[in-house]
Amino acid sequence: MMLSIILSGFLVATFLLVVAKRITALIRSFRIQAIFLSLYALYMGLSQRHLEMFIVCGLIFVLKAIVIPFVLLRIIRRINVEEDLGLLVNPQLSLIIALGFTYLSYLFAHNAMALTDPVESAALAVSITVVCLGFFIMVSRMKAVAQIIGLLVMENGIFLAASAISGGMPFFVEIAFFFDIFVFVIIIEVFVYKVNRLFTHIDTSKMKSLKG
Amino acid sequence: MMPINNLILVTGQVILLVLFAPLVSGFIRKIKNNLRMRKGPSVLQPYYNVQKLISKDEVISRHASWIFLAAPVIVFASIICALFLVLLAQLGPFGNNDMAILIAAFFVLGLGRFFLALAGLDTASSFGGMGSSREMFISSFAEPIAFVAVFVLCMSGADTFRISTLLAGFAILMVTLAETSRVPVDNQETHLELTMVHEAMVLEYSGRSLALIELASHTKQIIFFILLSWYFFPSMTGGVWGWVIFPGKIAIISLAIALIELSVAKMRLFRVVDFLSFSFFIALLASIAAGLGI
Amino acid sequence: MINFLPKQLFFFDPLAVFFLVVIGLVCVPSAIFSIGYLRAESLKRKILSWVLLIIFAFSMCSVVLSGNMLLFLICWEVMSLVSYFLVVFDFKQEKSIRAGIIYLVMTHAGTACLMAAFFILYNHAGSFDYAAVKQSFMLLTPQLRNIIFLLLFIGFATKAGVVPLHIWLPYAHPQAPAHISSIMSGVMIKVGIYGMMRFFITLLGPGPAWWGAFILALGIVSCLVGVIYALMDHDLKKLLAYHSVENIGIILLGLGTAMFFGSRGKTVVAVLAMCAGLYHLVNHALFKGLLFLCSGSVFKASGLRDMEKMGGLIKKMPMTALFFLIGAMGISALPPLNGFVSEWLTFQAFFSGVLESQGWVKIFMVLSAAALAMTSGLAAACFVKAFGISFLGSPRSVRAQDAKECGFSMKAGMALLAIPVILFGIGAGFIMPILLSISRAALGVEKADISVRLLSVLPAMIAVILLVIGSAVFLWFRFGLRNKRVSYNTWDCGYYSLDSRNEYTATAFSKPFRIAFSFFLLPYRKSEKIRDSFYHVRKFTYETHTTSVFKRFLYEPLLRLIYSTAFKMRKLQPGSIHLYIFYIFATLVGLITIAAIF
């Protein structure tokens, strides 16, 4: 029952990411998604009585719901870039595509993995959807911030998938992962800042002009 | 035929809810004002408004025809009728027949909207026309969402928390914001000509007709809140117990609506299409989930 | 040659009788209406009109009743030709001739497909009789069956005005006299639907599931495209013609669902969907007939068809306005009138379809329901526009100002259609069992357990509740309150000279829709300023149009192709008589060779 609530919230947050037209909206939706993910970890911790899950939950909440959005919002403010995300695919079409992904991933989860519990297979389906949509956001949005968020969304999806199938990755892998992500965001922040200084934009679709 | 005592029960509930409806609007306004660090009018203010309007004379435009006079009566009657049907559907276990009754309730709501929109055009004022055009625009996008959400409810049933019903509930929440003219779509509090939707349509009304229309929109709000309560508080509708906790459910929904209204800004009219299409896709997602039985 | 003449001339079954009733329901009031409508014409033209009208009605009846394909085809052709003459009844207008040509070409392209299909069927059955066709059809290969289905579908869909074959409707219907538009839109396009029902369900059915899915999909497209175009159009009769496209779409939703579930053996859903389709069919005949008659009455009174020039007609023509309102409420599916009942039944059919199916079919059904919901919402918006702009407010032109109420016979014609619109809504409890038994007979289902008992009284119940509460409030207002009603100017922000130019126009009303659907409508605008100087604009003209996607991207390329081929073909015809004789000789030799080989 709780799982249903968390999963539907997670899914709605992912769809919000897909329709976001502005950078701040994207980051806010990511924050909502991260909050639901930490709730999910909390739920897993409570149901499986793993102490590590609580730490993971706290880490997700602190890193993904507070620190990373803060860092990203700060860089957006610092480089004073336009709010518009630059959509290559308009929101309605994105939604149709997202819906198609959802259906396909359910079919995949249902047929390929053959899980018995419907809610469990739904969790797997949701996680595959989220990975796909993370990819989709990276592909179809112009600004560099979208690529960062897309990668983080994919990471969220992988986390969900791992815990849906096997009840979670080993604890140290998890921690290393978070450290990785954190370092990645910091590096990217510096990178985006430099790119903006050099080219006065962070539009990745304009990188085509770099080739000779 | 349905048992006659069911009809009596539902009729009693309708009367109770119509009396109770303005209180909900007053309550939402109070919450909003308190959160904005204002004192705000009393919770009973909507009742005072209705009473004041009934005691006043009515001004009618020279251009108006009988449609203008008949519209408030039809709007009121249709919304009461829709409430009746919704409560009738609530008795059942959300199967085939209840789906049909609920769909009929939405059609009945459409009757009221049709006449209100006509009344907006009847006075030869451009504001009225603007309001009717926008109201019909928004509602024609909101209607499919509501229908799909009802389908989902009747496919899954409202006995426990399910992904499908929760997603559909989220879609219905967005429809509720649109249909009860709440903030991201419309704003009940301003009377700025160029942005208002519902208020523009009823701009020419005064006196008892306006009282009737206000009463009708409070009741319409209650209808949507009841719908929402099915999605977000499953297996808590039937029997005496359902009615004991009913005010609590409505209060929680009101709080949520007030919070939403305070935390988002009003959208441009054409952004409403994006808003509602998002809601539509969530409803479709819900129907996929319902089809898979989760 | 022995079997060439069919044994069975006429064929009475519930489906045929149902269509006969529909034809009668619309034709009689329209004929009565035409007495007043044609009053100003000369005697010769009056007689001509009556003769054509009677032939038209009889040809439709015999199409419906014919028991073999030969008679069907002959009557079908008579119907098409007579309706062509009726479309060009005002032959002095160039527009009428043009509309007539478009209609003639489209309808004959359709008939050609029908003929092809009929001859293939005849070839295999060895007879034109329905009974023989029914027996032999099952023995054909699936590919041939599919080809026959597509040919028949194109033929019937052209008559019915299914998108993308709807192109003739918005030309032909507005040009015909009002009572003819009423019959054409109310009944004649339904004869196309009759053809589909007769062939796809009773004779050749149940076919494969994709037939039903195909028709359902085209139904969705038709109803959305029809209503969106209707919203954009401000010519009252053209708007109604586009609504015919929409409503044919809704009927096809029922028919397609019935075929789809019929082929899967889910008879309960199929019967319910078929019943919904039939119900909407008779409803559409009634309210569309009524609305066309009303538009004719407005046209007679004011000479206007453009809504932007009307306004305030409810005060000049109260009865016409009332009838138009009833029709508009019917077509917008407002309870307790008839349109509501049939759309509501269609939703029920979709829902039972959802419960009875798995996988993608469920989503398809939900999507169809969503499309229908959207259509009915947009149709309501469209009729708020049609009624509100043309009948309410204040007059926008002198002609609208001077309009007079129509005569008795026209009123009687409209009333004869308006009363059934109400009765078919409230009396759903009586109509539904009849239609259920017709659909059961058509689908060949012995017994289908459908619990419509409770639900069929719901429209009447809604009517009672509305009436009780409405009259209670009305009486309270009338006798319970003492305060006054004052008449005063409309609020004008202190402008003090509000006139009809300040009113909201139909173009403005539909603007949000135009923008929301701009991806399909491709709107464009032209504006022109005539200036005295840079600062002072003397005159400003502004136009906005939408692109007709089907005309631009389907018909115009096709037409260009035909023209260019025709130019190439011209070389075959240099004017030499010897060459022509050679052609004849060559054909003869060719035929002999073919006959010798095969």
Side-chain angles (χ1 to χ4, degrees), chain B residues 1-2 54-63 65 67 73-74 76-78 80-81 84 96-97 99-101 103-104 107-108 110-111 114 117-118 121-126 129-130 132-134 136-137 139-140 143-144 147-148 151 154-155 203-204 207-208 212 269-270 273 284 287-288 291, chain C residues 312 314-315 329 332-335 340 344 347-348 351-352 354-355 359 362-363 366 369-370 373-374 376-378 380-381 384 387-389 392-394 454-455 458 462 465-466 469-470 473-474 477 481 483-492 498 500 502-504 508-509 511-513 515-516:
Chain B
M1 273 310 291
M2 62 201 80
I54 286 177
S55 68
K56 286 202 164 190
D57 284 355
E58 191 179 352
V59 183
I60 294 163
S61 160
R62 284 211 176 95
H63 300 288
S65 63
I67 299 273
V73 180
I74 296 174
F76 184 72
S78 74
I80 302 286
C81 182
F84 186 88
N96 218 334
N97 282 355
M99 190 283 312
I101 295 175
I103 295 283
F107 274 114
V108 174
L111 174 71
F114 187 83
L118 283 184
L121 284 164
D122 199 13
T123 53
S125 139
S126 39
M130 213 178 273
S132 333
S133 163
R134 290 172 183 175
M136 296 314 284
F137 177 65
S139 70
S140 61
E143 206 155 84
F147 280 27
V148 173
F151 266 39
C154 297
M155 278 155 83
L203 195 66
E204 285 295 321
R208 49 191 128 160
L212 211 55
L269 185 66
F270 299 114
V273 181
L284 272 188
S287 79
I288 294 178
Chain C
I314 193 168
K315 297 191 192 84
M329 285 171 68
S332 314
L334 300 182
F340 155 68
W344 181 58
F347 277 113
Q348 291 182 34
F351 189 69
S352 0
V354 166
L355 294 184
K362 266 187 201 248
I363 299 163
V366 171
M374 179 119 201
S376 82
L378 291 174
V384 166
F387 186 78
I389 302 289
L392 302 179
S394 64
L454 159 78
L455 293 174
L458 200 71
I462 291 172
I465 296 173
L466 288 175
I469 296 170
V473 173
F474 178 75
F477 271 16
L481 292 176
N483 38 18
K484 288 181 306 217
R485 277 185 162 148
V486 191
S487 188
Y488 196 70
N489 290 341
T490 300
W491 186 65
D492 50 9
L498 204 67
S500 61
N502 296 71
E503 280 182 82
Y504 223 51
F509 190 94
K511 171 117 188 183
F513 299 96
I515 291 182

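The basis for the numbers below is simple: all heavy atoms, side chains too, and nothing from hydrogens, waters or symmetry mates. In what follows, chains are A, B, ... by sequence order, proteins preceding strands, each numbered from 1. Nothing here was measured: the structure is a model prediction, and the numbers come from that model.
Looking at B:Met155, both its backbone and its side chain come within 4.5 Å of chain C, counting heavy atoms on both sides. Interface residue C:Ala380: backbone and side-chain heavy atoms are both found under 4.5 Å from chain B. For B:Phe151, the parts lying under 4.5 angstrom from a heavy atom of chain C are both the backbone and the side chain. With a 4.5 Å cut-off on non-hydrogen atoms, B:Ser78 touches chain C through its backbone and its side chain both. Interface residue B:Leu284: only side-chain heavy atoms are found under 4.5 Å from chain C. When heavy atoms are compared at a cutoff of 4.5 Å, C:Ser394 approaches chain B by way of both its backbone and its side chain. In this structure, the portions of B:Leu118 lying under 4.5 Å from any heavy atom of chain C include both its backbone and its side chain. Proximity to chain B is limited to the side chain of C:Leu355, based on heavy atoms less than 4.5 angstrom apart. Interface residue C:Val384: backbone and side-chain heavy atoms are both found under 4.5 Å from chain B. Only the side chain of B:Phe270 comes within contact range of chain C, with at least one heavy atom under 4.5 Å from a heavy atom of that chain. For chain B, the nearby parts of C:Lys484 are the backbone and the side chain; heavy atoms of each come within less than 4.5 Å. Heavy atoms of B:Val273 lying under 4.5 Å from chain C belong exclusively to its side chain.
Residues C:Met329 and B:Leu111 are in side-chain contact: their nearest non-hydrogen atoms beyond the backbone lie under 4.5 Å apart. With contacts defined as side-chain heavy-atom distances shorter than 4.5 Å, the pair C:Phe513/B:Ser140 qualifies.
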Exercise for the section: Please assess C:Ser332 against B:Phe114 for the test side chain to side chain contact (heavy atoms under 4.5 Å, CB included), listing each intermediate value before the final yes or no. Expected result: CA-CA 9 Å; C:Ser332 314; B:Phe114 187 83; 3.7 Å; yes
Handout entry: Full working for side chain to side chain contact (heavy atoms under 4.5 Å, CB included) between C:Leu378 and B:Met136
Key = CA-CA 8 Å; C:Leu378 291 174; B:Met136 296 314 284; over 6 Å; no
Practice task
Please test B:Glu58 against C:Val486 for side chain to side chain contact (heavy atoms under 4.5 Å, CB included), starting from the C-alpha separation and ending with a verdict.
Solution key: CA-CA 6 Å; B:Glu58 191 179 352; C:Val486 191; over 6 Å; no
Practice task
Apply the test side chain to side chain contact (heavy atoms under 4.5 Å, CB included) to residues B:Glu143 and C:Ser376: give CA-CA distance (whole Å), side-chain angles for both, the deciding distance (0.1 Å), then the verdict.
Solution key: CA-CA 9 Å; B:Glu143 206 155 84; C:Ser376 82; 3.3 Å; yes
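Put simply, the side chain of B:Ser133 gets close to the backbone of C:Phe509: a donor and an acceptor are under 3.5 Å apart. Side-chain N or O atoms of C:Asn502 include none that pairs as donor or acceptor with a backbone N or O of B:Ala124 at under 3.5 Å. The backbone N or O of C:Ile314 sits nowhere less than 3.5 Å from a side-chain atom of B:Ser65 that would complete a donor-acceptor pair.
The two residues C:Ala370 and B:Pro144 come nearest to each other via the heavy atoms O-CB, 3.6 Å. When every heavy atom of B:Gly129 is checked against every heavy atom of C:Tyr504, the shortest pair comes out as C-CD2, 3.3 Å. B:Ala104 approaches C:Ile462 most closely through the heavy-atom pair CB-CD1, 4.3 Å.
If you take CD1 on B:Ile288 and CD1 on C:Ile363, they are separated by 4.0 Å, rounding to the nearest 0.5 Å. The line from OG of B:Ser61 to CG of C:Asp492 is 10.0 Å long, rounded to the nearest 0.5 Å. Here the CZ atom belonging to C:Phe477 is positioned 4.5 Å from the CG atom belonging to B:Leu212, to the nearest 0.5 angstrom. A distance of 8.5 Å separates CD1 of C:Ile469 from CZ of B:Phe84, quoted to the nearest 0.5 Å. Atom CD1 of residue B:Ile80 and atom CG of residue C:Leu466 lie 10.5 Å apart, to the nearest 0.5 angstrom. The NE2 atom of B:His63 sits 12.5 Å away from the CG atom of C:Leu392 when rounded to the nearest 0.5 Å.
Taking a 6.0 Å sphere around CZ of C:Phe474, one finds it holds 12 or fewer heavy atoms contributed by other residues, nucleotides or ligands.
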